[in-house]
Amino acid sequence: MVSAVLQVRSQEELNMGLPDIVGVGSTQSARSLPDSAARLAVRAILLALDDAGLGKDKLNGIITEGSIMPSLAGGDVLIASLGLEPSTFTAQIGVGGSGTAAATMLAGAVLDAGLADVIACVFVSKFGTSPGGPYALHAADPYKAAFELPIGYFPQPVYFGALVNRYLHEYGVDREDLGHVAVSTREWASRNSKAVRRDPLTMDAYRASRVVSDPLRVLDCCLVNDGAAAFIMTRQDRAKDLRQRPVHVLGVARSQAAYTSYSAFSQREVRTEAVRSAPPAFRQAGIANVSDVDVVELYDCFTITPVLQLEDMGFAEEGGGLDLFATGKTRPGGSVPVNTDGGLLSYSYLAGIGHVVEAVHQVRHTADPDRQVADAEVGVVGGFTAWEHTTLVVGA
Amino acid sequence: MISADSVEGRLSDWPFLPPTEESDFGPYWDSLRRGIVALPRCRGCGRFQWYPLPCCPACQSLDFEWSEIGPDATVYSFTTVRRAFLPGFDRVLPLTIVILVPDDAPHVHFLALSDPEGDDAVSIGDRVRLAALPFRNGVSLPIARVSR
């Protein structure tokens, strides 16, 4: 069967430690920023170190996702720019938003082994201004170049249009209901001083927005912009005396479909690998019921993506994810707050690291007061990348 | 919209040229030029594999042959592209692309154009027939026609 997966083992089963996140930092986000990718990455790391109250001389590890960052701001560039020790540990794991969330998993092992004491994870988006934007990476994929571009099945909004059509068909959902995801997310973004789009969004405006690839409208698609963010990890026993209340990584697990590309997808395409990454992460974190979770930060490249993850993680039945948005449960004051910074749809196309940073802010209570969820203690991050998914659980 | 050329009885120029040089994927485009659809089939266990992989995920055989698949298929999903993301595609919009499950390869998802000269909107679950159709500039693409 095509959808066979690698067995997911949580770090608890592997008997490894999990890191604390002790600092976070985000640059401004905007359609176009003059800084180079490397300069944005450095800014984000310095902001995160400052948040942690750590000097750059303490930083001796850098872990990033592995598909985009190495060419934008690799370990060598960051070591040279920040003047770090040549022995600084560097590594990459996973792809995009899944890799950034999974960086916590690798950091746990690296810190446990004593290969580093303080590790930064950073991601920079130059999708707003780089040639080809977010489509270039996909155009370079050999399967897409050989079989998909020639027929016009390109880029992301086209594949997700087909995916959404199948979802609507399987679950008998009204396509207009996707607009509730855009509206809910914008409402959160209006409370985030750094969000690229803070202007109010109504269902009428959603319905009036242009169709890009049926049934997806422009407002089903995330932003395309520049920006960067970083977070700092260290061992729990070293985290206590730093500037911020440490945030514990309570559970993390990653799953990769054995082989699916975006379109030669398996029969299970309308599900994400969160089906397999969430259960071990939740077990490890001691989450018996999703009602134990206070905030949910889910990769939202399109409106459908957080819907699928809510279902795959158990926050809703299959086909029931949109109801959480339509009934207001995901909005400020709701019982399942989703993407409390405005996500990729309305805050910034930070490709997943923004979701980690926001979960940290929420559980240590340092989000902008307008969007701080009262008494938030446990946050879940869904890092999605097509064939790969990482579930991360954090708590203060 | 894609239109037929009245003189040659062929579809107008297709805006994107597929790879022509020798590659692992060349036989696919060759099969379309010959008017059929061929996919790699494992010589070990007989399973079609799409997209091509280095070895068969079912039996790990490294031995594949490109074999024709039959024309009957079912629509798994589709989308109608309304924005030109690629150069020249403004001429062929709106463009409906379907994802098919061929009867001969029930675990495969296969991309085809919805018949550009068909009048009927395609729906999920529709039975279709697959054909390779040449465009005026020599490009052949897989086309799905709703079965009646």
Side-chain angles (χ1 to χ4, degrees), chain A residues 1-5 132-136 138-139 141-172 175 210-218 220-221 257-270, chain B residues 2 14-21 23-26 28-29 32 39 47 49-54 57-58 75-89 92-99 101 105-114 121-125 139-143:
Chain A
M1 184 166 170
V2 174
S3 60
V5 294
Y135 311 141
H138 287 215
D141 178 288
Y143 289 117
K144 291 184 184 304
F147 303 122
E148 300 183 6
L149 274 81
I151 202 170
Y153 194 69
F154 178 86
Q156 292 92 322
V158 176
Y159 343 132
F160 277 84
L163 184 155
V164 169
N165 261 341
R166 182 70 196 187
Y167 179 89
L168 300 178
H169 171 82
E170 286 196 11
Y171 301 110
R175 63 178 271 179
R210 191 164 46 87
V211 175
V212 177
S213 193
D214 284 16
L216 288 192
R217 301 179 184 283
V218 171
D220 287 306
C221 307
Y259 177 73
T260 54
S261 119
Y262 287 84
S263 63
F265 39 58
S266 72
Q267 307 274 359
R268 299 171 54 86
E269 171 68 5
V270 294
Chain B
I2 302 164
W14 184 252
F16 200 102
L17 298 179
T20 51
E21 70 269 33
S23 78
D24 291 348
F25 308 147
Y28 169 71
W29 292 103
L32 292 175
L39 304 184
R47 208 178 89 136
Q49 174 60 34
W50 195 246
Y51 294 144
L53 283 180
V75 175
Y76 176 81
S77 195
F78 66 97
T79 186
T80 300
V81 186
R82 298 185 186 280
R83 184 189 142 180
F85 288 99
L86 292 164
F89 272 73
V92 295
L93 298 182
L95 180 71
T96 297
I97 300 170
V98 296
I99 301 168
V101 177
H107 56 277
V108 162
H109 281 184
F110 183 80
L111 292 173
L113 289 186
S114 180
V122 68
S123 299
I124 291 172
V139 178
S140 281
L141 295 178
I143 306 283

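Values below: all heavy atoms of this structure, side chains included; hydrogens, waters and symmetry mates excluded. Chain letters run A, B, ... following the sequence lines, proteins first and then strands; every chain starts at 1. Every value quoted in this text rests on a predicted model; they were computed, and no experiment measured them.
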task: Apply the test side chain to side chain contact (heavy atoms under 4.5 Å, CB included) to residues F147(A) and L111(B): give CA-CA distance (whole Å), side-chain angles for both, the deciding distance (0.1 Å), then the verdict.
output: CA-CA 8 Å; F147(A) 303 122; L111(B) 292 173; 5.8 Å; no

query: Where do I124(B) and R166(A) come nearest, in terms of heavy atoms and distance?
result: CG2-NH1, 3.4 Å

- prompt: If you look at every heavy atom in S77(B) and N165(A), which pair is closest and at what distance?
  reply: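 Reported closest heavy-atom pair: OG-CB, 3.5 Å.
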
query: A112(B) versus chain A, heavy atoms under 4.5 Å apart: side chain, backbone, both or neither?
result: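 Just the backbone, heavy atoms under 4.5 Å.
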
I need the [X] [atom1] to [Y] [atom2] distance, nearest 0.5 Å.
| X | Y | atom1 | atom2 | value |
| --- | --- | --- | --- | --- |
| L149(A) | F85(B) | CG | CZ | 12.0 Å |
| T79(B) | Y159(A) | OG1 | OH | 12.5 Å |
| L86(B) | I151(A) | CG | CD1 | 12.0 Å |

query: Is there a donor-acceptor pair closer than 3.5 Å between any side-chain N or O of W29(B) and the backbone N or O of A146(A)?
result: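 Indeed, once roles are kept as given, a pair shorter than 3.5 Å links the two residues.
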
- prompt: With respect to chain A, which residue among T96(B), L113(B), L17(B), I97(B) yields the maximal number of heavy-atom pairs within a distance under 4.5 Å?
  reply: I97(B)

- request: Could you go through the side chain to side chain contact (heavy atoms under 4.5 Å, CB included) check for H169(A) and F78(B) one step at a time?
  value: CA-CA 11 Å; H169(A) 171 82; F78(B) 66 97; over 6 Å; no

- request: Please look at L216(A) and chain B and tell me whether the side chain, the backbone, both or neither of the residue comes under 4.5 angstrom of a heavy atom of that chain.
  value: neither

task: Sort out for me which of P155(A), P142(A), P150(A), P157(A) touches chain B most, counting heavy-atom pairs under 4.5 Å.
output: P150(A)

